[in-house]
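Scroll down for the structure; my scribbles are underneath it.
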Amino acid sequence: CKNVDAAIGRTALLYDAQALSNFCNYYFMEKDTEAFNKRFEQFLKLPTDKSFKYQTAFMCCMQAYLYNDAKKFNQYRNDFYSDDKNRAYDDYDLTIRYLEILLLLKDENHPLAMDKLEAAIKFTRRNFTTHRVKAEKQNWDLFRLAIQKKPVKAKGSPIFRITEFIKGELE
């Protein structure tokens, strides 16, 4: 972490943006709002670059989620989808879809959460490999249990960090 911190600002803008984005993602999954906000603030101080618009919108979605602000989340989600470059970042897109489902479940809007889950499943099948689709089934099962108001239990070891995050949010 110290080596990366020392390199930020001394290397290429793309490196800085990616490093800070990765930090934000890590701290988000750890639910460390303070550390997330610190890194996100650093990211926002980088020189303005249109190519980072989708990353900024993605991280704004994460921040809105951390504060349980569905209105801002939806605004930033729309910003993410308004940028054509987002199509190259299916993992970000899928994460936003999952966060939206979690917000709907917090609001106890189970029917819409199920609709969004079905859309996320179709999106995943259309945009990811067969192997990834099989791996994502663990997340889908967690969501289905929560939507059906049944105890959430992950089967097997989580493959992705997002699975642990989802499980933690649903318990």
Side-chain angles (χ1 to χ4, degrees), residues 13-31 36 39-40 43 49-66 68-107 109-148 152-170:
L13 181 59
L14 182 60
Y15 170 84
D16 293 349
Q18 194 59 51
L20 291 169
S21 177
N22 287 336
F23 275 126
C24 286
N25 200 5
Y26 173 77
Y27 289 124
F28 175 80
M29 295 293 170
E30 293 295 314
K31 301 177 194 170
F36 173 88
R39 296 303 183 164
F40 187 42
F43 179 87
D49 187 323
K50 287 183 180 180
S51 66
F52 300 149
K53 183 180 175 192
Y54 69 91
Q55 281 180 303
T56 304
F58 175 67
M59 286 185 277
C60 284
C61 283
M62 290 192 297
Q63 187 177 51
Y65 181 86
L66 287 171
N68 201 31
D69 190 335
K71 185 178 178 181
K72 283 192 178 193
F73 178 86
N74 289 326
Q75 172 192 338
Y76 296 128
R77 182 197 64 212
N78 292 339
D79 290 348
F80 177 81
Y81 289 123
S82 71
D83 186 354
D84 290 340
K85 288 183 177 60
N86 75 52
R87 291 186 182 96
Y89 293 88
D90 291 336
D91 278 314
Y92 284 5
D93 191 331
L94 187 59
T95 300
I96 288 172
R97 290 168 186 264
Y98 286 168
L99 295 179
E100 183 178 21
I101 294 167
L102 289 169
L103 283 171
L104 289 167
L105 288 170
K106 285 181 181 182
D107 198 30
N109 190 340
H110 294 85
L112 187 53
M114 184 53 130
D115 290 345
K116 295 292 185 172
L117 175 58
E118 292 302 320
I121 291 168
K122 287 178 186 174
F123 170 81
T124 306
R125 288 181 175 150
R126 213 176 29 247
N127 293 292
F128 291 95
T129 65
T130 305
H131 177 41
R132 176 67 182 269
V133 169
K134 287 179 184 177
E136 289 298 332
K137 286 183 182 180
Q138 188 177 29
N139 293 330
W140 305 339
D141 289 344
L142 291 172
F143 282 126
R144 282 190 185 105
L145 288 171
I147 290 167
Q148 296 168 359
V152 175
K153 296 177 185 171
K155 295 177 185 174
S157 299
I159 297 171
F160 301 113
R161 198 168 43 202
I162 188 79
T163 304
E164 274 299 312
F165 180 85
I166 291 168
K167 183 180 174 203
E169 291 295 286
L170 295 175

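- Looking at residues two or more places apart in sequence or on another chain, you find a side-chain hydrogen bond (donor to acceptor under 3.5 Å, both in side chains) between Asn22 and Gln18.
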Test side-chain contact (heavy atoms from CB on, under 4.5 Å) applied to Leu103 and Asp69, step by step: CA-CA 9 Å; Leu103 283 171; Asp69 190 335; over 6 Å; no
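- Tyr92 pairs by the ring pair (Phe, Tyr, Trp, His ring centres under 6.0 Å) definition with Phe58, Tyr89, not counting sequence neighbours.
- Side-chain contact between Lys137 and Trp140 is present, with at least one heavy-atom pair separated by less than 4.5 Å.
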Would you please test Arg132 and Asp91 for salt bridge (charged side-chain N to carboxylate O under 4.0 Å, His left out) and show each step? CA-CA 11 Å; Arg132 176 67 182 269; Asp91 278 314; 2.7 Å; yes
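- Residues Gln63 and Cys24 fail the side-chain proximity criterion, which asks for heavy atoms closer than 4.5 Å.
- Salt bridge Arg97/Asp93: present, at least one basic N to carboxylate O contact under 4.0 Å.
- Ring centers of Phe28 and Phe165: under 6.0 Å apart, within the cut-off.
- The ring of Tyr98 has its center closer than 6.0 angstrom to the ring center of Phe143.
- Contact annotation: the side chain of Arg161 approaches that of Asn25 to within less than 4.5 Å [non-hydrogen atoms, C-beta and beyond].
- For the pair Asp115/Pro111, no side-chain contact is recorded, criterion being any heavy-atom separation below 4.5 Å from C-beta on.
- With contacts defined as side-chain heavy-atom distances shorter than 4.5 Å, the pair Phe128/Phe123 qualifies.
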